[in-house]
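This report refers to the structure that appears directly beneath it.
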Number of protein chains: 2
Amino acid sequence: MTLHQVTIGDLPTEAGALIPDVTIAYQQWGTLRINDDGTNNLILVEHALTGDTNVAEWWGPLLGPGKALDTDAWCIICTNVIGGCQGSTGPGSPHPDGGRWGSRFPAVSIRDQVTAEKMLLDALSITRVHAVLGGSMGGARTLEWALMFPEMLDTACVMAVSARASAWQIGIQSAQISAIVRDPHWHGGDFYETGSSPDAGLAAARRIAHLTYRGEQELEERFGARPQHGENPLGPYRDPSQRFGVDSYLQYQGQKLVERFDAGSYVTLSEAMNRHDIGRGRGGLNKALASCTVPTMIVGVDTDILYPYHQQEHLSRNIGNLLGIARIVSPVGHDAFLAEFRQMDRILRRFLILSVLTEEEHEDGYII
Amino acid sequence: MTLHQVTIGDLPTEAGALIPDVTIAYQQWGTLRINDDGTNNLILVEHALTGDTNVAEWWGPLLGPGKALDTDAWCIICTNVIGGCQGSTGPGSPHPDGGRWGSRFPAVSIRDQVTAEKMLLDALSITRVHAVLGGSMGGARTLEWALMFPEMLDTACVMAVSARASAWQIGIQSAQISAIVRDPHWHGGDFYETGSSPDAGLAAARRIAHLTYRGEQELEERFGARPQHGENPLGPYRDPSQRFGVDSYLQYQGQKLVERFDAGSYVTLSEAMNRHDIGRGRGGLNKALASCTVPTMIVGVDTDILYPYHQQEHLSRNIGNLLGIARIVSPVGHDAFLAEFRQMDRILRRFLILSVLTEEEHEDGYII
């Protein structure tokens with residue numbers, strides 16, 4: 001699927017900086033159809049922190065003709081987040097004054113991400129969205145969409161996220177940022193033209209992150225305390241070349257990310273997650289949630305340690321217009337929304353059925 | 001209380017190395033009394049990974065005259081673990097051939113830690129222990145005590161630990177080791193005479209560890225997403241000097257550890273936790289547990305993400321001689337055994353009552 005790139009103009013950030021001449025990348029599946037009453041068949045899918053526009057890759061079993069996100073019925077658009085590195089403007093992009101943005105790239109908030117996405121829709125002359133949905137950072141964006149542009153949305157589906165960053169999340173995300181910025185190749189964020197990059201730091205950050213994305217039970221199923229094939233982690237001296245299987249796996253996850261992701265974007269987007277707080281400037285969390293008029297479904301994972309299920313219960317209890325709540329039961333942890341396709345299929349189909357019911361028909365639809 | 005240091009001789013490690021001329025440090029409270037039948041009033045308290053012999057400091061409300069660990073009734077001994085840095089031989093100790101041990105210090109297992117402790121008791125001519133107890137790494141040592149020297153123990157109390165390292169634990173502990181060894185001041189473990197030390201790496205390791213020791217709920221209670229006093233983490237550019245409160249707290253925790261702990265010991269002891277596996281050479285976990293003849297109480301914390309409660313349920317269901325199981329209910333997480341003193345007081349008192357009951361009297365004592 002083609003990666004489109006659209007210039008959306010200058011983005012003023014929530015904290016008062018300006019990002020001139022922003023480009024937002026997106027991919028599209030299916031055809032946009034506008035109904036007589038102005039509604040349409042557009043579903044905006046929001047990717048997670050290191051995700052990208054290619055929904056067909058990371059949600060393959062859920063996207064396509066006849067699938068939950070049925071591309072015969074719906075027009076699916078997924079944009080790369082501002083601050084990212086897969087087509088949209090981010091710290092690794094060329095700066096208008098020359099060189100790369102690097103440390104000159106401002107802090108962006110989840111709201112800035114949504115603003116950029118709204119500007120893209122403006123540029124595409126799209127004035128309405130049937131549904132916004134996403135998990136983790138994508139869930140945070142979805143929630144902000146519902147609060148920032150309620151008049152544009154028919155429905156929303158917020159997965160595996162909270163109303164604002166918890167202290168624990170800020171702590172673990174800051175530990176990841178710290179792993180990157182302590183890498184001597186970081187150069188204060190301006191490594192792009194030095195010929196090297198903070199790969200070890202980024203891999204270390206991913207390793208920490210991965211242990212918050214994946215549940216203890218799932219890792220146990222897969223690795224237990226087994227040695228990596230052909231290695232002996234129990235020798236008389238500690239030897240980094242002799243590893244447990246899980247250690248090898250986590251190193252591989254780090255390496256894979258280094259090959260496809262920019263350390264500057266990782267820092268920028270982690271910082272955005274630290275700043276996630278729907279209550280800011282809206283009278284606090286619960287007042288902000290109560291003000292939500294968009295019918296919203298909340299989805300959580302029972303074993304999520306990054307966004308524990310009680311945070312989704314908090315959302316569902318306080319949100320102004322609850323469409324339903326669904327709990328994914330899985331040993332996988334946070335990443336279950338990217339892995340438990342059977343349950344996700346059921347949840348997305350149910351969400352899309354509820355999303356087109358009239359208000360009267362909703363009455364009995366709360367429990368999924 | 002005086003820190004005693006005793007030379008216990010050469011320690012052959014489980015993996016086949018030799019540590020010559022080992023010193024083990026310990027502190028003692030109360031007076032050792034030996035009964036006519038050879039039993040005595042000795043309680044061996046096992047400290048956690050960065051703990052030390054000073055039980056009065058880290059378990060203050062539980063140790064002293066009239067307290068749960070009543071020093072009028074019991075003789076309490078706490079030894080510093082081999083590989084540590086608070087009086088016992090470890091990587092920072094002088095090597096017999098000159099310089100510090102550094103990278104020459106072998107890998108030690110939990111069993112090696114227990115062997116060293118047993119050698120200390122031999123050196124003190126102590127042949128019997130009424131109770132061994134401890135949490136986390138101290139719980140791992142307690143469990144190995146019960147399996148390695150059952151004939152010496154009357155009872156054991158194993159807290160906040162598992163039968164072996166889980167994949168998740170190995171993953172997160174290896175991430176901490178990695179943070180230290182990536183510090184340019186680590187020098188392959190031989191930093192001791194370079195005039196610098198891997199402080200940033202050790203602080204980073206502690207920061208990660210702390211987030212596994214402390215529950216998400218407790219950090220939320222204390223910090224939420226509040227800024228550190230006088231700082232603004234929401235400015236237009238990411239600025240490490242402008243922090244959230246939790247970030248400042250975690251940096252402080254890292255700094256505190258750097259001031260009191262050796263990076264070489266941290267690596268050695270984390271590696272020991274990676275190797276924790278009571279099933280090794282004993283026909284697997286459950287066979288090893290079933291073979292346990294020492295009456296053992298198991299204690300866990302409901303919100304522990306490092307050693308989740310189901311791991312203590314596994315211990316209690318499979319251990320050969322269960323004295324009881326107790327669940328600490330707390331937002332604190334893993335560290336609850338070092339923080340929830342009211343509950344710990346109750347648990348330790350109950351344990352010590354059960355520990356002196358006859359076998360017939362035990363029959364009704366299973367549920368605490």
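Please read all numbers here as calculations on a predicted model, not as lab measurements. Chain A is the first sequence line, chain B the second, and so forth, proteins listed ahead of strands; every chain is numbered from 1.
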Chain A heavy atoms under 4.5 Å from [X]: which part of the residue, side chain, backbone, both or neither?
X	result
R214(B)	backbone
R243(B)	neither
I208(B)	side chain
Q311(B)	side chain
L211(B)	both
D277(B)	neither
R207(B)	side chain
S166(B)	both
Y237(B)	both

> Mind checking what makes ring-ring contact (aromatic ring centres under 6.0 Å, His included) contact with H210(B), not counting sequence neighbours?
Replying inline: Y249(B)
> Looking at L219(A), D247(A), L234(A), which one has more heavy-atom pairs under 4.5 Å with chain B than the rest?
Replying inline: L234(A)
Which answer fits [X], side chain, backbone, both or neither, if we ask what part of it has an atom under 4.5 Å from a heavy atom of chain B?
X	result
V181(A)	side chain
P233(A)	backbone
A200(A)	both
R182(A)	side chain
N274(A)	both

